[in-house]
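Accompanying notes for the structure given below.
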Amino acid sequence: MAQANAQNVTDNNEIFLVDGSGYIFRAYYALPQNLTNPHGVPVGAVLGFVNMMTKLLADMHAPFIAVIFDAARQNFRYDIYPEYKANRDETPEDLKPQFGLIREATKAFGIPALEMEGFEADDLIATYTRMAREQGKTVTIVSSDKDLMQLLTDGVRIFDPMKAKFMGPEDAFEKFGVTPDKVVDVQSLAGDPSDNVPGVPGIGIKTAAQLINEYGSLDELLARAGDIKQPKRREALIENAEKARISRRLVQLDDHAPVPVAFEDMRARDLHSPTLVAFLAEQGFKSVISRLGLKHDAPSSPDSIPAKAGIQTGPSMDSRLRGNATKGDTPISENVYTLINDIKTLQDWADQARAAGMVAVDTETTNLTPAMADLVGISMAITPGQAAYIPVGHKGQVDLLGGGDTTIPQLPLKDVIAVLKPLLEDESVLKIGHNIKYDLQMFAGIGINVTPVDDTMLLSYVLDGTEHGHGMDELSTLMLGHETIKYNDVAGTGKNQVTFDRVDIAKALDYAAEDADVTLRLHRILKPRLAQEKMVSVYEDIERAIVPVIAEMERTGIKVDTTVLKQMSHEFGMKLATLESAIHKLAGHEFNVASPKQLGVVLFDEMGLQGGSKTKTGDWSTAADVLEDLAAQGIEIVEKVLEWRQLAKLKSTYTDALQNDINPKTGRVHTSFSLAGTNTGRLSSSDPNLQNIPIRTDEGRRIREAFIAEDGHVLLSVDYSQVELRLAAALADVKALKQAFIDKVDIHALTASQVFGVPLDQVTPELRRAAKAVNFGIIYGISGWGLAKQLGCEPGEANEFIRKYLTRFREIQDYMEAKKDEARKNGFIKTVYGRKCVINNINAKNGAWRAFAERQAINAPLQGTAADIMKLAMARMPHALKQAGLSARMLLQVHDELVFEVPEAEIEQTAALVKHVMESVAHIDVPLSAEAGWGKNWATAH
DNA sequence: CGGTTCACG
DNA sequence: GACGTACGTGAACCGT
């Protein structure tokens, strides 16, 4: 940052005033460690303080320094406003003993620890700052407290020790929208929830800054409040003028505290004092002692050890995962695997597998995408350590003359099929795979319909959710303690990588047989856990049941019309070129419009547009909501940039990219659905992602015209309406909402009527829109700030909507609390069908993390149950269609929508059937509703 | 490879 | 006395 250079220099007359009380709270909440000293006293914040002080002294060479603390509780602000700081939480128990220790630490550094009855630390800092300036000294305030920004002036800077960053007037402006001398006025209007400073209701920092900049000062504003145009704002100011004045007295720091002037006592001492060493040793801060190169003769004490974090809720991951299942098994490293290249051995293995009743299988191929892949080999494992590999498509090493090596000893594919097909299709033999959805497609490609199957990836997913990943390599390390041979080790990397058909047979044997072996061993550990942990139903009824269904959807793919895409790409390309040159012209020079960094510089630095905000990395944000505000003011370049962005997205992500995803063999696009990726149980789609094809804008929606049905067919789209809201009504048992769904009333209008207290027939479109946003907010785990942003209103107003909603629908409030409790207790929530959704950080000290986790705890049961229901419907669909004699093929799932390709003659019957299956599959205490539409393409099917 | 932005439910 | 904001995804692009 530019100001850092100027501010980064300490002068030899400079006084460092450290906000000790502020630091201790921030350190306590920010530092993850749960440290105790040898006496068992928590010292996380103390260590943080010591580290901060040593760093400060070493880096800044502060010539004068003092640490300031709050004294006791009482001060004049409570007399002015008894509610001052009334909303503070109790000081955490493990923080209390650290206040005294930090004062001790300060003294051990040889630094004065200053406090004064009746004043807050901030007042003393203000006082010393004034006195120092009067004596011509410069001041650095060490604090993360924004309230101190009012003190910024010439010769005064603030150092934020948490962010290790200097602050100047620019930072005050960024935070409060005004120069430092007006910060108090803004705070008086906006109030401060953390100190319970009232301010003027309905006015936040942005509005306050705008008003103060316009009227010059708070007094001037209050005097002329009657002139304000906006009626709401005018009345709020007139009515709450006194509150604003009280707020000012609370916020304004008192820089005339009766303190002695004792700057000479603040002269910094040498760090190498016996007192400091003794203190550090006493606290067990050995690392600090050695870092500072200090020596001590005190008896050595153990270094601080992290206290046990959190509550143990069950057996440790390690013992639980490893179980006893591997005892007595052959260690994987000692296995000798079998290469099968004669028919007798193959038949022998097939017989053994049938006798065992289960076999782990795995396919090796030339490509990760089944639709692009050729089969290279098949591996199988029957008992741990007993595994074999059957090469069928190996081509031998690459010949310099380009010819294939024909001397690879492998069985003809048709012979292998003849032996394996009866086994793989035998209902009495369980086939175990890892991500067997892939292998099912490869086998389908050679006419084998593998059934029944188990999948270790899905077992792991159901049992442990997102506690860890579910790739085979990861599970092997975690649960078997075995490092698998890596694909790159056998196939090479980069440009030297070969496809599996070129891998040396001996290496291929080790790699492929090990995969089957590991899969089998994982199965022996995971399958028993299913019943022990009561996860049988989620696995059997939902996950396992959809594997063949999804495999078939992927294999089928969807037809895409390239001429439509090419046409659109061309059209978008032309428009983009025109827009780009217009943007460059308006900017006065060429730049990369796609670069947020360059764009931010052009708009906010060069053109000086106001109303920008920064991203967390400190760059200008050029996100759409920021730009839309500017575009609304009629700023041409911003309008063009928004248009450019939209078209560029459509072109690069959809119209261009999709053409490359069309499989040359099938002429269709085959997405990959991930079954074990999401926390809530949803599917996800990739390569390409067909779950985010545009629909919300007319221009984007046209891309759906390229998704078409085969000749003689139509695309059928059936989607659930408002599943998650219905589930909220059912799970929270809200009688009024459930009845509304039974009566098929407009749910958003009903909400509006209840929340805004108007009769149902008088709900305006505007009220309905707001109520709809509230309903969405409920599903997402509402926050006033988020709702306000959505509605473009003040957070205070949004909070009022939420309060009314939760008062009217008290059951929702109870439901939210119950889900948060469940997450706090278990670290996960369960859906109606029993799926675990992991919720991390629910007990975090950091409020932001905790709030995030609480919203997840509210949302996950709704999103997750909806996902379960959709999966159940999908699992039932093939059978239902078959029984009805219909030949529709399921192509896509988009969370609450299913897309089918249907013969024209069967469309009405199929639509009715799919709708019926979707509506009847769940046994939930609220009716579900699905709506069907069809047409020649996906745009008209809606 | 992380950050930003934006497409969907 | 602060955190950074609505939930869940995947892809393209920039810039280090």
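Letters A, B, ... are given to chains in the order of the sequence lines, protein chains preceding strands, and every chain is numbered from 1. When reading the values below, keep in mind they use all heavy atoms of this one structure, side chains included, and skip hydrogens, waters and symmetry mates.
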Less than 3.5 Å apart, which donor and acceptor atoms pair up between the side chains of residues 863-873 of chain A and the rest of the protein, not counting sequence neighbours?
| from | atom 1 | to | atom 2 | distance (Å) |
| --- | --- | --- | --- | --- |
| A:Q863 | OE1 | A:T680 | OG1 | 2.8 |
| A:Q863 | NE2 | A:N859 | OD1 | 3.4 |
| A:T865 | OG1 | A:V832 | N | 3.2 |
| A:T865 | OG1 | A:P861 | O | 2.6 |
| A:D868 | OD1 | A:R835 | NE | 2.8 |
| A:D868 | OD1 | A:R835 | NH2 | 2.9 |
| A:D868 | OD2 | A:T831 | OG1 | 2.6 |
| A:K871 | NZ | A:E543 | OE1 | 3.4 |
| A:K871 | NZ | A:E543 | OE2 | 2.8 |
| A:K871 | NZ | A:G681 | O | 2.7 |

Atom pairs and distances, side-chain donor-acceptor, residues 191-198 of chain A, under 3.5 Å, sequence neighbours left out:
| from | atom 1 | to | atom 2 | distance (Å) |
| --- | --- | --- | --- | --- |
| A:D192 | OD1 | A:S194 | N | 3.0 |
| A:D192 | OD1 | A:S194 | OG | 2.9 |
| A:D192 | OD2 | A:K146 | NZ | 3.3 |
| A:D195 | OD1 | A:R88 | NH2 | 2.3 |
| A:N196 | ND2 | A:E83 | O | 2.9 |

(request) Using the test ring pair (Phe, Tyr, Trp, His ring centres under 6.0 Å), find all partners of A:W644 that sit at least two apart in sequence or belong to another chain. (result) none
(message) Run the ring pair (Phe, Tyr, Trp, His ring centres under 6.0 Å) test against A:Y780 and tell me which residues pass, sequence neighbours left out.
(response) none
(message) Going by ring pair (Phe, Tyr, Trp, His ring centres under 6.0 Å), name the residues that satisfy it together with A:H470, two or more places apart in sequence or in a different chain.
(response) A:Y461, A:H468
(message) Can you pull out every salt bridge (charged side-chain N to carboxylate O under 4.0 Å, His left out) where at least one residue sits in residues 691-703 of chain A? Sequence neighbours excluded, please.
(response) A:E571-A:R702, A:K575-A:E699
(request) Do nucleotides 10-16 of chain C as a string where each nucleotide becomes B, S or -: B if the base has a protein heavy atom under 4.0 Å, S if just the sugar-phosphate does, - if no protein is that close. (result) BBSSSS-
(message) Show every salt bridge (charged side-chain N to carboxylate O under 4.0 Å, His left out) that has at least one partner inside residues 719-730 of chain A, sequence neighbours left out.
(response) A:R682-A:E724
(message) Show me the dot-bracket string of DNA chain C, counting Watson-Crick or G-U pairs under 3.5 Å, with | for pairs to another strand and [ ] for crossing ones.
(response) ......|||||||||.
(request) In whole angstrom, give me the gap between the P atoms of C:dC3 and B:dA7. (result) 30 Å
(request) Only pairs at least two apart or in different chains count here, so list each salt bridge (charged side-chain N to carboxylate O under 4.0 Å, His left out) that has a residue in residues 846-866 of chain A. (result) A:R824-A:E854
(request) Applying ring pair (Phe, Tyr, Trp, His ring centres under 6.0 Å), name anything that partners A:F572, two or more places apart in sequence or on another chain. (result) none
(message) What's the gap between B:dT5 and C:dT5 when it is taken at their P atoms, as a whole Å value?
(response) 12 Å
(request) Anything under 4.0 Å to a heavy atom of chain A counts; send over the first and last such nucleotide of DNA chain B, read 5' to 3'. (result) B:dG3 to B:dG9
(request) Could you say whether A:I778 or A:K85 is positioned toward the 5' end of DNA chain C, judged by the nucleotide with the nearest heavy atom to each? (result) A:K85
